[in-house]
Amino acid sequence: MALRPQPKITGSLKSRELHEELRQRILGLPSVTERQNAGIHEDAFFIGSTMFMHIHGHGHCDIRLAKSDQARVLAEGKARPHRWAPEQGYVTFVARDEDDLGPAMKLIQMSYDHFAAAKQH
């Protein structure tokens with residue numbers, strides 16, 4: 001019986017570390033909770049009962065913004081339109097390496113600020 005070649009893990013290990021760093025930064029925001037496997041989302045992040053973002057796979061972030069923020073972010077090319085729920089304010093940002101963590105967190109912070117403020121009213 002021939003042995004199958006083992007997949008290289010160098011790239012995926014880096015991807016997993018990046019994913020974990022992103023998760024920890026999001027969970028560092030006040031009052032944020034995480035539900036894994038919430039519906040179709042691997043990692044979903046909530047403020048109260050409102051999901052403000054989720055991650056599909058490693059670094060593929062779907063972030064829900066206020067409609068005005070969504071329009072501006074898309075116009076500036078800082079994110080891509082969300083495939084399935086753009087009408088809900090979602091945009092997509094893919095964090096591929098450490099340099100993408102800052103821009104990802106700016107979008108996530110924008111979402112967090114919007115939904116945290118809405119929760120207080």
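All values derive from a computational prediction rather than experimental measurement.
Hydrophobic cluster membership is shared by M105 and L27, with clusters built from Ile, Leu, Val, Met, Phe, Trp and Tyr side chains linked at under 4.5 angstrom.
Taking every heavy atom of both residues into account, P81 and L74 meet most closely at N-CD2, 3.5 Å. In this structure, C61 and M53 approach most closely via the heavy-atom pair CB-CE, 3.9 Å. The nearest pair of heavy atoms linking L65 to L107 is CD2-O, 3.7 Å. When all heavy atoms of R64 and Q88 are compared, the closest pair comes out as NE-O, 3.1 Å. When every heavy atom of A116 is checked against every heavy atom of I47, the shortest pair comes out as N-CD1, 3.7 Å. Taking each heavy atom of F93 and I63 in turn, the nearest pair found is CB-CD1, 4.3 Å.
H114 pairs by the side-chain contact (heavy atoms from CB on, under 4.5 Å) definition with A66, not counting sequence neighbours. Considering only residues two or more places apart in sequence or on other chains, D113 meets the side-chain contact (heavy atoms from CB on, under 4.5 Å) condition with Q109.
The 12-atom threshold is exceeded at CZ of R72, counting heavy atoms of other residues, nucleotides or ligands nearer than 6.0 Å. No more than 12 heavy atoms of other residues, nucleotides or ligands shown are found within 6.0 angstrom of NZ on K78.
Atom-to-atom distance recorded for H19:NE2 and I55:CD1 is 5.0 Å, nearest 0.5 angstrom. Between atom CD of residue E34 and atom CD of residue Q24 there is a gap of 8.0 Å, rounded to the nearest 0.5 Å. Atom OG1 of T92 and atom CZ of R83 lie 9.5 Å apart (nearest 0.5 Å). The distance from atom CG of L101 to atom CZ of R25, rounded to the nearest 0.5 Å, is 4.5 Å.
Taking the six-membered ring where tryptophan is involved, the planes of H82 and H54 are perpendicular, since the angle between them exceeds 60° and thus also 30°.
For the pair Y112 and I26, the minimum side-chain heavy-atom distance is 4.5 Å or more. Within the 4.5 Å cutoff, the side chain of H60 has heavy atoms near those of the D62 side chain. Using a 4.5 Å heavy-atom cutoff, the side chains of L29 and I108 are in contact.
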**Request:** Step by step, work out the salt bridge (charged side-chain N to carboxylate O under 4.0 Å, His left out) result for R16 and E20.
**Result:** CA-CA 6 Å; R16 275 181 273 182; E20 187 57 31; over 6 Å; no
**Message:** Determine whether F115 and M51 satisfy the following criterion, side-chain contact (heavy atoms from CB on, under 4.5 Å), listing intermediate values before the conclusion.
**Reply:** CA-CA 9 Å; F115 287 102; M51 180 178 17; over 6 Å; no
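A distance-only check finds no donor-acceptor pair linking the side chain of E98 to the backbone of L18 [under 3.5 Å].
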